[in-house]
There are 2 protein chains.
Amino acid sequence: MARTVKGPDARRERWKGHREQRRAEFVEATIAAVARKGPDVGMDDVAAEAGVSKPVLYRHFTDKSDLYLAVGQRATELLMDRMGPALLADGPIRGRIEQIVDAYLSVVEDNPNLYRFVVKGSFVDRPVEKDVVAEDKNLIATALARILGDYLRALDMDSGGAEPWAHALVGMVQNAGDWWLDRQTMSRANLSDYLATLIWHAIDGLLRSAGVEADPEKPLTPLRLVD
Amino acid sequence: MARTVKGPDARRERWKGHREQRRAEFVEATIAAVARKGPDVGMDDVAAEAGVSKPVLYRHFTDKSDLYLAVGQRATELLMDRMGPALLADGPIRGRIEQIVDAYLSVVEDNPNLYRFVVKGSFVDRPVEKDVVAEDKNLIATALARILGDYLRALDMDSGGAEPWAHALVGMVQNAGDWWLDRQTMSRANLSDYLATLIWHAIDGLLRSAGVEADPEKPLTPLRLVD
DNA sequence: AGTAAGTGTTACTTGAGGTAACGGTTACTT
DNA sequence: AAGTAACCGTTACCTCAAGTAACACTTACT
């Protein structure tokens, strides 16, 4: 009943899922094209890779930047798929940091061209919110900032640093990752270890300055420190 | 005598200085155009700003990326002019870190559009070595890495982390700076302080793990620690 | 006087992003 | 059964910014 009442024409609904599937298909094609022809592919290349002509592409993406945005989001998924578990895992804090860092680096390692495409292949004219990379970094940094802020407040410390620190940490890992990708001069495991060491020391120092002795081999007591 | 011997035609020499001056002039025009029209100026805009037509520009720059490269180098000068003193200054280590960070942020604050233009307005097709930003970051990171490495070796610690740590620190400051530039939600002084705190703690932690107690209020003893 | 560097112009070519206009297919609506 | 709303797809075009060709004038060295 509710189906024919006034439901605005089922012909419109028929494609609901299809469109998304098609978009996904083109996103995959773009990724394939990037892998094959390097990070500076054009719309023609992508269309060719998808076995289709340009206008078809433009039926599904308003714009080059729209397509690239979608690719970026796909990359975000890849990233989150691997970082998620590490982020949620429980365990010794020092080890967790290393896992998170290593998860990030593993994605970079496995998809170098895609990574370069997404991170470096941006536009000058990106209208503020169309920058996936910035969005991603914000996403991660924001999550981090909340965690940091909660802890700091729980310890009665100034929590004003939470946000800048979060962004600093994100930038740190990213830049070290960029450097590593260009001149792979050490193993991923080594790099993860070095970075985790640095981060751990930074966090430990902050805690120390509040009189808290944290054990890197133990899980972080979740906000029960001042109860 | 040596002048007319075979000296390959003084007509060639006559312009030696002139060309450089002209390039500088166009670089300034580009910066002005960027400041006026935002970071996505085109060659026509630049030419217009310089009161000249496009081909003139192309006599002095092979390429758009050549011009932008020169702009980047100019920006590097601005940056180094302010960071240099802070880098060379002597004094309490914690304070020096803050000065260096603050010097960086002050440049960002004073030239937001130029900064965005240089940092974000790069090309996908930059042929490896034409990326000023990457070059700059490398420059700074390499210098940092040397300092870190020397200290670590002097302390008989593993110096393998020097390079990744240097890049990590650079990325940290840069990313925090980017974030701050977008949503200026705290004063520059505050941000500098927070970042310096984080960096200090990281360094202090590394030293502590080697059994060295560093005083943030004192200058770093320059490599005489193990003599 | 000749010429090698520079000054500058207008008008063009090129290439990639993006669009117009056309025709065909499917399955819902009337 | 006819109509139509969504899609499929094509070729041929438009547009705009980067980059070039061709031409003419100036200056100071040979």
Side-chain angles (χ1 to χ4, degrees), chain A residues 3-26 29-30 33-34 37-69 71 121-127 130, chain B residues 1 3-26 29-30 33-34 37-69 121-127 130:
Chain A
R3 200 214 205 135
T4 53
V5 151
K6 184 203 164 186
D9 201 335
R11 274 170 295 188
R12 209 172 299 158
E13 306 301 303
R14 184 157 59 105
W15 305 95
K16 271 285 150 71
H18 181 54
R19 288 194 59 88
E20 303 220 346
Q21 189 184 335
R22 214 71 217 290
R23 271 179 73 102
E25 189 184 324
F26 289 130
T30 308
V34 166
K37 309 194 48 173
D40 54 347
V41 287
M43 295 302 264
D44 290 302
D45 300 302
V46 173
E49 178 76 39
V52 125
S53 66
K54 252 192 310 174
V56 178
L57 225 50
Y58 281 96
R59 288 232 186 73
H60 295 273
F61 301 91
T62 69
D63 207 75
K64 187 177 165 177
S65 79
D66 187 27
L67 169 61
Y68 287 9
L69 181 67
V71 171
S122 324
F123 313 91
V124 182
D125 60 317
R126 46 191 160 192
K130 292 219 162 178
Chain B
M1 166 194 178
R3 197 201 202 148
T4 54
V5 151
K6 185 200 163 188
D9 201 336
R11 273 171 298 189
R12 208 173 301 158
E13 306 302 302
R14 184 157 60 105
W15 305 93
K16 271 285 151 68
H18 181 54
R19 287 194 60 88
E20 302 221 346
Q21 189 183 336
R22 214 71 217 288
R23 271 179 73 103
E25 187 184 325
F26 289 130
T30 309
V34 166
K37 309 195 51 174
D40 54 346
V41 287
M43 295 302 264
D44 290 302
D45 299 302
V46 173
E49 178 77 38
V52 125
S53 66
K54 252 195 308 178
V56 177
L57 225 51
Y58 281 96
R59 288 229 186 76
H60 295 273
F61 301 91
T62 69
D63 208 72
K64 188 175 163 175
S65 79
D66 187 27
L67 170 60
Y68 287 9
L69 181 67
S122 324
F123 313 91
V124 182
D125 60 316
R126 47 189 160 192
K130 291 217 164 182

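Letters A, B, ... mirror the listed sequences (proteins, then strands); counts begin at 1. Since the model is a prediction, treat every value here as computed from it, not as a measurement.
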Taking atom [atom2] of [N] as reference, at what distance in whole Å does atom [atom1] of [X] sit?
| X | N | atom1 | atom2 | result |
| --- | --- | --- | --- | --- |
| A:K64 | C:dG15 | NZ | C1' | 11 Å |
| A:F61 | D:dC7 | CZ | P | 14 Å |
| A:R19 | D:dC7 | CZ | C1' | 9 Å |
| A:E25 | D:dC8 | CD | C1' | 12 Å |
| B:Q21 | C:dT7 | CD | P | 11 Å |
| B:E20 | C:dG6 | CD | P | 12 Å |
| A:Y58 | D:dC13 | OH | P | 19 Å |
| A:Y68 | C:dG18 | OH | P | 9 Å |

(request) Find the distance between CG (A:L57) and OG1 (A:T30) and round it off to the nearest 0.5 Å. (result)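 The OG1 atom of A:T30 is 6.5 Å from CG of A:L57, to the nearest 0.5 Å.
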Measuring only between side-chain heavy atoms, which start at C-beta, is [X] closer than 4.5 Å to [Y]?
| X | Y | result |
| --- | --- | --- |
| A:Y58 | A:D66 | no |
| B:F26 | B:V56 | yes |
| A:L67 | A:M43 | yes |

For nucleotides 21-25 of chain C, tabulate all protein N/O to nucleotide N/O atom pairs closer than 3.5 Å, reporting atom names and distance.
none

(message) Which heavy atom of B:A47 sits nearest to which heavy atom of B:S53, and what is that distance?
(response)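 That closest heavy-atom pairing would be CB-C, 4.0 Å.
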(message) Is it the case that the side chain of B:R19 and the backbone of B:H60 share a donor-acceptor pair, with hydrogens and angles ignored and the cut-off at 3.5 Å?
(response)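 Here the side-chain-to-backbone pair does not exist.
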(message) With a 3.5 Å cut-off and heavy atoms only, can you find an N or O donor on one side and an acceptor on the other between the side chain of A:K54 and the base of C:dG18?
(response) yes
(request) Nearest-nucleotide wise, let me know which of A:D44 and B:V52 is further upstream toward the 5' end of DNA chain C. (result) B:V52
(message) Counting only Watson-Crick pairs (N1-N3 plus N6-O4 or O6-N4) and G-U wobbles (N1-O2, O6-N3), all under 3.5 Å, who is the partner of C:dT30?
(response)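 With both distances under 3.5 Å, C:dT30 matches D:dA1.
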Presence of [X] side-chain N/O under 4.0 Å of [N] phosphate oxygens OP1/OP2:
| X | N | answer |
| --- | --- | --- |
| A:H60 | D:dC7 | no |
| A:S53 | D:dG9 | no |
| B:R22 | C:dG6 | no |

(message) Using a strict threshold of under 4.0 Å (side-chain N to carboxylate O), is an ion pair present between B:R22 and B:E25?
(response) yes
